[in-house]
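If you're wondering where the values come from, they're calculated on a predicted model, not measured in any experiment. In what follows, chains are A, B, ... by sequence order, proteins preceding strands, each numbered from 1.
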2 protein chains.
Amino acid sequence: MLFTKACEYGIRSVLFVAKQSLEGKRSTLKEIASEIEAPQPFVAKIMQQLVRGNVVVSVKGISGGFYIEPSQIKEITLTNIVFAIDKNFDSKLCAMGLKECSEVRPCPIHHTYKAIKKDIISMMDKSNLIEMAESLKNGTCFLSNLPKQPINNLQ
Amino acid sequence: MLFTKACEYGIRSVLFVAKQSLEGKRSTLKEIASEIEAPQPFVAKIMQQLVRGNVVVSVKGISGGFYIEPSQIKEITLTNIVFAIDKNFDSKLCAMGLKECSEVRPCPIHHTYKAIKKDIISMMDKSNLIEMAESLKNGTCFLSNLPKQPINNLQ
DNA sequence: CCTAAACAGGATAAAATTATCCTGTTTAGT
DNA sequence: ACTAAACAGGATAATTTTATCCTGTTTAGG
């Protein structure tokens with residue numbers, strides 16, 4: 001598992017908020033949790049971290065909710081989201097858990113894993129919110145599972 | 001974190017046992033735990049899983065211990081080790097935790113992550129024990145941290 | 001055949017992660 | 001002002017992962 005569950009929920013939450021923000025809508029906790037099919041109190045905790053990490057903005061009170069300034073959406077990457085939630089996410093760590101794994105004292109898979117880590121970080125840095133949120137709007141990608149009872153729009 | 005702590009300990013344990021097996025030596029739990037700097041009772045549990053998964057062989061009784069048949073060492077890969085310990089290790093899972101993420105219904109990072117997963121599996125399949133154990137013997141890679149009090153062999 | 005060294009495995013404990021609860025504060029609308 | 005909707009944050013609970021404990025079985029060697 002690359003990301004913790006908290007990160008997974010966080011990424012999905014931010015993507016939903018970004019998509020809604022593109023349409024000028026704020027999202028409430030209830031809407032986010034329902035959309036991403038995650039427990040609302042846990043999502044609340046994660047959103048707090050994202051607010052503190054300046055990934056999303058929260059507005060209290062009636063008609064409040066979470067949003068991202070549309071001009072900011074293109075600046076945010078997966079890296080920003082993940083680090084806001086999981087301070088310990090550090091792809092620099094050794095795959096085998098060695099504290100002193102390094103170029104001069106490599107673990108047996110150091111060199112292979114190094115290439116993979118580079119790919120992961122590159123993927124995370126390149127994954128910017130605007131592209132993902134727009135794909136969600138286009139319907140070329142998805143955030144949630146198919147509904148259990150398919151809705152027949154033709155009836 | 002790509003692997004769980006149990007997998008990390010497991011990989012290091014197997015590598016040590018493989019190296020010792022190349023020299024015709026069995027390894028006891030005490031030796032393994034000490035070498036890889038991990039808690040002995042936890043390593044014991046992990047070794048049990050590796051025995052059940054046919055990655056290593058155990059011999060009970062005095063002068064017993066763990067070993068790998070030298071002819072087998074070249075057949076074992078990281079994949080074998082990891083799956084023996086972590087039944088849930090499944091790189092097919094979605095990076096964002098979606099149950100229904102697929103080619104026809106991809107999550108926003110499905111395609112990028114797919115390439116990374118392929119690399120990870122490829123790395124794991126290519127990492128075979130014999131090469132790693134021999135590198136350990138050669139001293140071109142390492143399993144443990146540097147000793148805290150450097151031993152001065154010249155005195 | 002007795003002993004000590006070594007693995008096996010069930011039960012339990014500790015720590016980390018995930019999830020929930022409750023009370024407080026903010027704020028739009030009346 | 002009052003109310004209801006919404007986020008904030010501390011405290012607690014449940015679950016999973018990590019770690020330990022204890023008793024049993026095996027076996028080489030005296």
d([atom1], [X]; [atom2], [N]) in whole Å:
{"X": "A:Phe42", "N": "C:dC21", "atom1": "CZ", "atom2": "P", "result": "15 Å"}
{"X": "A:Leu29", "N": "C:dA19", "atom1": "CG", "atom2": "C1'", "result": "14 Å"}
{"X": "B:Gln49", "N": "C:dC7", "atom1": "CD", "atom2": "P", "result": "16 Å"}
{"X": "B:Met1", "N": "C:dT17", "atom1": "CE", "atom2": "C1'", "result": "11 Å"}
{"X": "A:Ile32", "N": "D:dA6", "atom1": "CD1", "atom2": "P", "result": "12 Å"}
{"X": "B:Ile62", "N": "C:dA5", "atom1": "CD1", "atom2": "C1'", "result": "4 Å"}
{"X": "A:Lys30", "N": "C:dT20", "atom1": "NZ", "atom2": "P", "result": "16 Å"}
{"X": "A:Gln48", "N": "C:dC21", "atom1": "CD", "atom2": "C1'", "result": "13 Å"}

- Ion pair present between A:Glu37 and B:Lys99, side-chain N to carboxylate O less than 4.0 angstrom? no

- Task: Using heavy atoms to find the nearest nucleotide of DNA chain D for B:Asn88 and B:Gly61 separately, return the residue whose nucleotide is more 5′.
- Result: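 So the residue in question is B:Asn88.
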
- Query: Of A:Gln40 and B:Lys45, whose nearest nucleotide on DNA chain D comes first from the 5' end?
  - Reply: A:Gln40

- Message: Taking pairing as Watson-Crick or G-U wobble with both contacts under 3.5 Å, can you name the mate of D:dG24, or confirm there isn't one?
- Response: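 Its partner is C:dC7.
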
[X] side chain, from C-beta outward: closest of [options]:
{"X": "B:Lys5", "options": "D:dA19, D:dA8, D:dA6", "value": "D:dA19"}
{"X": "A:Pro39", "options": "C:dG10, C:dA19, D:dA8", "value": "C:dA19"}
{"X": "A:Lys60", "options": "D:dA8, D:dT18, C:dA19", "value": "D:dA8"}

- Task: Kindly determine whether B:Tyr113 and A:Leu2 satisfy side chain to side chain contact (heavy atoms under 4.5 Å, CB included), including the steps that lead there.
- Result: CA-CA 10 Å; B:Tyr113 188 54; A:Leu2 184 56; 3.6 Å; yes

Does [X] have a side-chain nitrogen or oxygen under 4.0 Å from the phosphate oxygens OP1 or OP2 of [N]?
{"X": "A:Tyr9", "N": "C:dT18", "result": "no"}
{"X": "A:Ser58", "N": "D:dA8", "result": "yes"}
{"X": "A:Arg52", "N": "D:dG9", "result": "yes"}

- Message: Using the rule side-chain contact (heavy atoms from CB on, under 4.5 Å), only one of B:Ile76, B:Asn80, B:Thr77 pairs with B:Leu129; which is it?
- Response: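 Running side-chain contact (heavy atoms from CB on, under 4.5 Å) over B:Ile76, B:Asn80, B:Thr77 with B:Leu129 returns exactly one hit, B:Ile76.
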
N/O donor to acceptor pairs below 3.5 angstrom from side-chain atoms of residues 8-24 of chain B, sequence neighbours left out:
unit_1	atom_1	unit_2	atom_2	d
B:Arg12	NE	A:Met96	O	3.0
B:Arg12	NH1	B:Ile36	O	2.8
B:Ser13	OG	B:Tyr9	O	2.8
B:Ser21	OG	B:Val17	O	2.8
B:Ser21	OG	B:Ile68	N	3.0
B:Glu23	OE1	B:Lys25	NZ	3.0

- Report the residues that fulfil salt bridge (charged side-chain N to carboxylate O under 4.0 Å, His left out) with B:Lys117, sequence neighbours left out, ordered by chain and then residue number.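 Scan of B:Lys117 (salt bridge (charged side-chain N to carboxylate O under 4.0 Å, His left out), adjacent residues dropped) gives none.
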
